[in-house]
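Report on the structure given below.
Letters A, B, ... are given to chains in the order of the sequence lines, protein chains preceding strands, and every chain is numbered from 1.
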Amino acid sequence: MPAFFEKKQLVTPGELLAEGDYLPGENTYVENGKIYASRIGLVDADNKKVNVVALRAFYVPKTGDIVIGTVVEVGFNGWTVNIEAPYTALLRASDVLSRPFKPQNDELSAVLNAGDLIVAKIASYDRAHDPQLTVGEPGLGKITRGQILRVTPTKIPRIIGRKGSMISMIKQETNCQIILGLNGVILVTGKTPEEEEIAIMAIRKIEEESHTSGLTDRITQLLKEKKPAKLEENKIE
Amino acid sequence: MSSLVTKVRLRQIEALLEKGKRLDDRSLTDYREIKIEQGIIEKAEGSARVFLGKTEVLVGVKVETGEPFPDTPKEGVMTVNAELVPLASPNFEPGPPDENSIELARVVDRGIRESHSIDTEKLCIEEGKKVFVVFVDVYVLNHDGNLIDASAIAAIAALMNTKMPNYEIKDGELKIKQGYTPLPMKSHPITVTMGKINNKLVVDPWLEEESVMDSRISLATNEDGNICAIQKGGSSYFTPQQILEASKIALDKAAELRKKLNW
Amino acid sequence: MNEKPDKLIDKKGIRGDGRKADELRPLKLQVGVLSNADGSAYIEHGKNKILAAAFGPREMHPKHLAQPDKMVLRCRYHMAPFSVQERKSPAPSRREVELSKVIKESLEPALFLELYPRTGVDVFVEVLQADGGTRCASITAAALAIADAGVPMKDLVVACAAGKVDDTVVLDLYDAEDKLGSADVPVAYMPNLNAVTLLQMDGILTPDEFEKAVNMAMDGCKKIYAMQKEALKTKYMVVKEVEE
């Protein structure tokens with residue numbers, strides 16, 4: 001019962017991965033008992049499950065995910081939000097306003113207007129309806145400062161690192177607050193633009209080199225190199 | 001190719017196909033009843049109306065004079081246009097030709113053109129300057145499936161019915177004389193369309209079968225048993241074996257139809 | 001401006017552009033060439049120069065065209081006015097409308113349409129220079145653009161044409177052979193699924209010649225498929241060089 005690949009081999013859509021005893025994992029599909037890749041990525045087997053870690057994919061909403069989005073339109077009873085996914089998301093006014101909502105009196109654009117950035121959680125999503133958002137938890141809501149960058153959503157786990165080790169290191173070394181939207185949108189908020197730039201540089205490097213080894217060391221080195229001297233002084237004091 | 005047919009109907013169609021049958025009692029390779037009437041539009045130089053089951057297509061041919069194309073100065077010109085007339089189906093909307101009507105026209109055109117059905121050299125009036133231009137207008141009047149074959153048959157029947165005005169060149173000018181000459185034709189190509197449902201090829205799919213088929217393939221062949229045009233359509237695929245099977249069926253059915261229509 | 005050659009293939013079996021009957025024109029493929037598209041690819045096939053871009057899956061505009069139970073693929077094949085010998089009007093011709101349709105239908109079988117209902121994927125193909133076989137080159141590039149956009153696919157779709165010049169069945173017709181030859185058979189293929197997703201033919205062929213042409217076109221497809229995979233892998237392998 002064969003597998004036709006080597007660990008971490010780069011495969012393309014339609015490439016035959018395995019036959020027989022194996023189970024189809026992420027970014028694979030089955031036809032006539034054979035497992036094929038459906039996206040370009042790196043293939044590996046987890047026990048009997050064949051997975052392809054996609055090098056290029058778009059975000060598909062999942063209930064419970066934290067995402068960062070842009071308000072696109074102010075509607076009658078809520079806002080339409082672009083979460084960089086095939087579907088636009090909806091944030092209901094009733095979710096945001098702490099009191100009962102009166103369409104005639106309440107001016108929604110005063111609360112959130114087109115162009116505003118928000119951190120939200122996917123409250124519900126199924127294939128028949130657009131995703132519904134909520135900001136009713138601590139840490140969620142309108143973003144007022146910081147820089148936004150977009151990465152391929154499949155890279156987010158690598159940016160987080162094992163048990164959050166990678167992202168913690170970046171936060172610590174740059175003194176930045178970093179919110180990672182699972183939709184590939186990242187918010188970096190630092191005390192100075194320079195620190196924000198270093199954090200962004202580190203994240204970009206991880207995105208580009210995510211599938212190579214020795215990355216953690218290279219990022220550590222980058223963060224140490226780029227740290228402006230002044231920061232070091234501040235820290236000692 | 002979905003939604004119009006309920007799931008119950010779809011299962012009915014599929015179950016019958018397993019037994020080699022179809023809803024209207026046809027075998028997988030039978031055509032519906034074909035009726036042809038020619039010369040029904042007197043103001044057109046040629047015309048024909050075809051009923052293929054309940055599908056109805058009317059073709060009118062107008063012959064005018066015009067300039068030849070620069071790279072074929074001795075040949076007449078033919079052009080095919082198709083209208084999916086709104087009264088023919090609730091899904092046809094008024095407006096300029098959409099991709100379906102353009103595909104239909106071009107597939108019918110290819111069958112006629114590639115088989116050299118019209119003897120275009122005999123349409124030359126004055127080399128490089130004046131030739132006969134043959135306008136073939138396909139008018140779909142009722143859509144009950146397989147517009148391609150119905151239109152192709154109607155087009156050939158209309159061309160067979162077409163008469164060109166007699167003329168003479170006097171003092172360098174074209175003058176129309178009394179009388180007519182039949183449009184010179186070299187062959188009568190026949191197009192056979194098959195739909196693929198559950199990996200079975202069905203000849204002459206009718207409307208409900210078209211709603212459930214995942215792809216179709218049409219082949220135009222001539223009297224010599226040669227293939228002169230092919231068009232695969234639809235969102236699915238054919239294996240190479242299915243393509244060869246389809247070409248055999250197309251040749252067989254074309255020969256059968258040719259005999260029946262006396263072409 | 002162009003002279004008609006007496007023979008398109010000489011006694012030694014060499015064609016007008018120096019190729020043998022079963023030889024492909026030179027090909028170059030690049031993936032990820034446009035920064036604004038979700039996915040893109042560029043192909044040079046003989047003198048053909050074609051750019052393909054894919055956007056999506058994204059919400060359909062206009063909304064009423066969205067399907068409740070599946071993703072919709074839209075495709076636009078368009079030729080630049082300067083792409084051919086005699087300037088072509090920028091307005092879509094009937095040929096471009098038909099080709100847009102058949103190209104779309106050649107790519108649809110590769111997609112998992114049921115996975116993203118109510119969305120659409122838009123594919124744009126621009127022929128910058130044309131020299132015969134543009135629909136095949138377009139499909140080859142469009143499939144790469146879709147894969148580059150991260151849209152899951154059952155297989156890459158690859159396309160190649162075969163035909164007949166003088167009395168010989170040949171592979172990959174260029175413009176002169178397309179215009180002066182006696183048959184042209186473009187084929188699009190998904191090699192891993194043995195699926196023909198585009199098949200057209202114009203000209204006159206005996207059933208045997210037709211079978212030979214289809215087989216020859218599929219062989220050509222398989223060769224180009226290997227190049228497609230290479231092009232896709234090359235884009236994502238570039239990073240590996242950083243390490244070395």
*Give a yes or no on whether a salt bridge exists between A:Glu208 and A:Arg204, defined as a side-chain N under 4.0 angstrom from a carboxylate O.*
no

*Contact part of A:Leu10 toward chain C, heavy-atom cut-off under 4.5 Å: side chain, backbone, both or neither?*
both

_Contact residues of residues 123-132 of chain A (partner chain C; heavy-atom separation under 4.5 angstrom)_ = A:Asp126, A:Arg127, A:Ala128, A:His129, A:Asp130

*Under 4.5 Å heavy-atom distance to chain A, tell me which part of C:Phe55 shows up: side chain, backbone, both or neither.*
neither

*Donor-acceptor contact below 3.5 Å, side chain C:Asp148 vs main chain C:Ser40*: yes

*C:Lys229 versus C:Leu156: any side-chain heavy-atom pair under 4.5 Å?*
yes

*asked:* Do C:His45 and C:Asp131 pair up side chain to side chain, a donor and an acceptor below 3.5 Å, judged on atom types alone?
replied: no

_As an exercise: rank C:Glu59, C:Met153, C:Arg118, C:Arg58 by heavy-atom pairs under 4.5 Å with chain A and give me the winner._
C:Arg118

*Residues C:Lys154 and A:Glu31 bridged, charged N to O under 4.0 Å*: no

*Evaluate the side-chain proximity of C:Val72 to C:Met60: yes if any heavy-atom separation is below 4.5 Å, no if none is.*
yes

*C:Arg25 and C:Asp17 ion-paired at < 4.0 Å*: no

*asked:* Would you say A:Asn82 and A:Thr88 are linked by a side-chain donor-acceptor pair, where the criterion is simply a distance under 3.5 Å?
replied: no

_So for A:Tyr87, is it side chain, backbone, both, or neither that comes closer than 4.5 Å to the heavy atoms of chain C?_
both

*Below 4.5 Å from any heavy atom of chain A, which atoms of C:Ala149 appear? Answer side chain, backbone, both or neither.*
backbone

